[in-house]
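Because only heavy atoms are used, hydrogens play no part in the values below, and waters and symmetry mates are left out as well, while side chains stay in.
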Amino acid sequence: MAFPYPLIALEEHWLAQSVRDFYVANNAKHPNDENGLVGMVTPVLMELGETRLKAMDESGVSLQIVSHAPNSLALDHATCVKVNNELSDLMEARPGRFRGFATVSMADPEAASRELRRCVEDLGFVGTLIDSNCEGRFYDNPFFWPVFEAAAEHDVPVYLHPAPNPQTKPLLYNGNYPDAVAESLSEYGWGWHNETAVHFLRLFAAGLFDRYPTFKIVLGHLGEMLPFQLDRIEAITMRQWPHLGLKLKRNLRQVWDENVWITTSGMFFLAPMAAVLRQCKPDRILFSVDYPFVQNEAGLAFLKALKAEGMVSDDVLEGIAYRNAERLLKVTAK
């Protein structure tokens with residue numbers, strides 16, 4: 001069947017040459033270079049032209065929100081500026097087809113907050129996508145919070161995206177199997193979804209959402225495992241944590257309903273989506289593909305399956321396809 005709505009896709013990746021140069025200068029291998037686990041997609045990952053547009057058109061993707069692929073090194077500020085300027089040029093060359101999530105240097109939060117403001121105010125970016133750790137450091141430390149403050153002030157979201165963690169891999173995932181399997185298990189095979197979920201809970205426990213009550217956060221991959229565990233976690237945080245000395249202004253469910261959006265990126269399975277539909281307000285669910293690691297046609301087939309299986313109404317399906325993203329990001333799908 002023909003799909004009746006345009007699509008806005010939020011977690012669509014790109015690898016900039018300036019970032020590859022940064023890794024070479026630091027004698028390191030980028031996690032998405034040709035010799036990595038997913039090296040076969042590297043040429044497509046670096047392409048921001050006709051091949052990408054053709055893939056979008058074939059599956060009805062009206063607008064891609066482009067962000068840089070995850071990193072294992074913390075990028076410096078100068079490299080981030082190069083990445084954002086290059087992405088801005090792309091947006092200008094293809095009006096209406098691409099918008100950007102800013103790349104910022106989380107190792108230098110003051111510079112990162114300035115760059116986020118520049119990208120939103122001057123370049124028309126719609127928020128920022130940040131790696132789920134900064135060379136093993138998590139963002140519950142207020143050292144990192146200037147970035148979240150800037151996002152809240154400009155009413156744009158922060159997309160917390162999984163990234164390799166050199167600290168947790170040897171501790172949790174190295175084992176009696178090939179190291180390539182450990183690497184896969186530590187990343188998209190399991191680990192970085194779990195770690196991103198834990199990271200969100202750390203931000204909640206640290207009071208980030210009390211400090212910035214309007215702060216908006218986006219979690220990919222159908223909520224990074226959280227919808228399945230949400231009721232149990234909420235019960236524990238409400239019953240136990242106040243007695244342990246942590247009293248927050250809002251409970252976990254309130255923060256989940258008021259500050260969190262989730263996307264479908266790369267998780268086109270009906271069973272976990274059933275949990276998402278029960279745990280999330282309909283206007284907080286957004287379409288994403290995770291291109292080019294996942295193909296656009298898989299995302300389109302998933303949306304069609306939601307309708308065919310009777311899991312969503314027409315209004316909810318339209319919201320997931322593009323309306324919810326329009327409201328969150330203040331963009332328009334043509």
Side-chain angles (χ1 to χ4, degrees), residues 10 101-102 104-117 120 126-134 136-163 193-263 276 279-286 324 327-330:
L10 270 76
F101 279 135
V104 298
S105 177
M106 291 302 290
D108 187 351
E110 292 295 340
S113 63
R114 293 195 302 271
E115 179 62 6
L116 175 55
R117 290 185 170 95
V120 173
V126 295
T128 181
L129 182 143
I130 61 175
D131 293 331
S132 58
N133 70 91
C134 181
R137 301 165 69 191
F138 298 106
Y139 307 138
D140 51 289
N141 188 326
F143 168 79
F144 295 103
W145 290 11
V147 178
F148 304 135
E149 181 179 15
E153 288 177 356
H154 285 76
D155 192 30
V156 295
V158 171
Y159 200 127
L160 186 62
H161 187 275
H193 304 294
N194 170 71
E195 188 170 291
T196 304
V198 171
H199 199 156
F200 166 76
L201 294 173
R202 291 175 65 131
L203 297 176
F204 169 71
L208 175 72
F209 299 97
D210 284 354
R211 175 79 69 85
Y212 308 111
T214 63
F215 172 63
K216 298 174 178 178
I217 188 168
V218 181
L219 302 172
H221 311 102
L222 292 183
E224 308 292 8
M225 304 183 180
L226 285 163
F228 181 80
Q229 287 285 103
L230 191 62
D231 292 316
R232 175 178 170 82
I233 300 167
E234 181 193 17
I236 291 170
T237 61
M238 292 181 67
R239 182 178 65 248
Q240 184 187 66
W241 287 12
H243 300 292
L244 301 177
L246 182 60
K247 297 182 180 180
L248 300 169
K249 294 178 182 178
R250 290 180 296 157
N251 63 40
L252 181 60
R253 175 66 67 171
Q254 288 176 289
V255 169
W256 182 262
D257 286 343
E258 296 170 5
N259 299 84
V260 180
W261 281 255
I262 75 162
T263 81
V276 167
Q279 295 285 32
C280 300
K281 291 184 175 181
D283 64 351
R284 300 305 174 101
I285 307 171
L286 309 166
N324 299 340
R327 286 188 288 266
L328 175 65
L329 304 177
K330 305 175 186 66

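Ring orientation note: the planes of Phe209 and Phe204 are tilted relative to one another, at an angle of 30° to 60°. Ring orientation note: the planes of His199 and Tyr139 are tilted relative to one another, at an angle of 30° to 60°.
Remark: Asp155 CG to Thr214 OG1 distance equals 7.0 Å, nearest 0.5 Å. The CG atom of Leu230 sits 8.0 Å away from atom SG of Cys280, with the distance rounded to the nearest 0.5 Å. Going from atom CG of Leu160 over to atom CD of Glu195 covers 9.5 Å, rounded to the nearest 0.5 Å. A distance of 6.5 Å separates CG of Leu201 from CG of Leu252, quoted to the nearest 0.5 Å. Expressed to the nearest 0.5 Å, how far CG of Leu286 lies from CZ of Arg327 amounts to 9.5 Å. Distance check: Leu208 CG to Asn141 CG gives 11.5 Å after rounding to the nearest 0.5 Å.
Across every non-hydrogen atom of Val156 and Val126, the tightest pair is CB-O, 3.6 Å. Here the closest heavy-atom approach between residue Ala206 and residue Trp145 is recorded as O-CH2, 3.5 Å. Contact between Leu222 and Ile262 at its shortest, heavy atoms only, is C-CD1, 3.8 Å. Of all heavy-atom pairs between Phe101 and Leu10, the closest is CE1-O, 3.4 Å. The two atoms that bring Ser113 and Pro146 nearest to each other are CB-O, 3.5 Å, heavy atoms only. Listed here is the closest heavy atom pair of Glu224 and Pro162: OE2-CG, 3.3 Å.
A heavy-atom distance below 4.5 Å is not found between the side chains of Leu219 and Thr263. No side-chain heavy atom of Lys249 sits less than 4.5 Å from a side-chain heavy atom of Pro213. Trp241 places none of its side-chain heavy atoms less than 4.5 Å from the side chain of Asn251. Between Pro157 and Trp261 there is no side-chain heavy-atom pair separated by less than 4.5 Å. Within the 4.5 Å cutoff, side-chain heavy atoms of Phe143 are placed close to those of Arg137. Contact check for Leu328 versus Lys216: side-chain heavy atoms found under the 4.5 Å cut-off. For the pair Thr196/Phe200, no side-chain contact is recorded, criterion being any heavy-atom separation below 4.5 Å from C-beta on. Between Trp256 and Pro227 there is a side-chain heavy-atom pair separated by less than 4.5 Å.
Applying the salt bridge (Lys or Arg N to Asp or Glu O under 4.0 Å) test to residues at least two apart or on different chains, the pairs with a partner in residues 227-244 are Asp231-Arg253, Glu234-Arg253.
Environment of NZ in Lys330: crowded, with over 12 heavy atoms of neighbouring residues, nucleotides or ligands closer than 6.0 Å. With a 6.0 Å radius and a threshold of 12 heavy atoms from other residues, nucleotides or ligands, Phe138 has its CZ atom above the threshold.
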* Asked: Do Phe148 and Phe215 pass the ring pair (Phe, Tyr, Trp, His ring centres under 6.0 Å) test, and can you show the C-alpha distance, the side-chain angles, and the key distance before you say yes or no?
  -> CA-CA 7 Å; Phe148 304 135; Phe215 172 63; 5.1 Å; yes
* For His221 and His161, what are the C-alpha separation, side-chain angles and deciding distance, and is it a side chain to side chain contact (heavy atoms under 4.5 Å, CB included)? -> CA-CA 9 Å; His221 311 102; His161 187 275; 4.2 Å; yes
* To do: Determine, stepwise, if the pair Met106 / Asp131 fulfils side chain to side chain contact (heavy atoms under 4.5 Å, CB included).
  => CA-CA 8 Å; Met106 291 302 290; Asp131 293 331; over 6 Å; no
* To do: Test Leu248 against Val255 for side chain to side chain contact (heavy atoms under 4.5 Å, CB included), laying out the working first.
  => CA-CA 11 Å; Leu248 300 169; Val255 169; over 6 Å; no
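Between the side chain of Ser132 and the main chain of Ala163, a donor-acceptor pair closer than 3.5 Å is present. The closest donor-acceptor contact from the side chain of Thr128 to the backbone of Ala102 lies under 3.5 Å. Between the Asn324 side chain and the Ile285 main chain, a donor and an acceptor come within less than 3.5 Å of each other.
Ion pair Arg284/Asp257 not flagged as a salt bridge, since none of the NZ, NE, NH1 or NH2 atoms sits closer than 4.0 Å to an Asp/Glu carboxylate oxygen.
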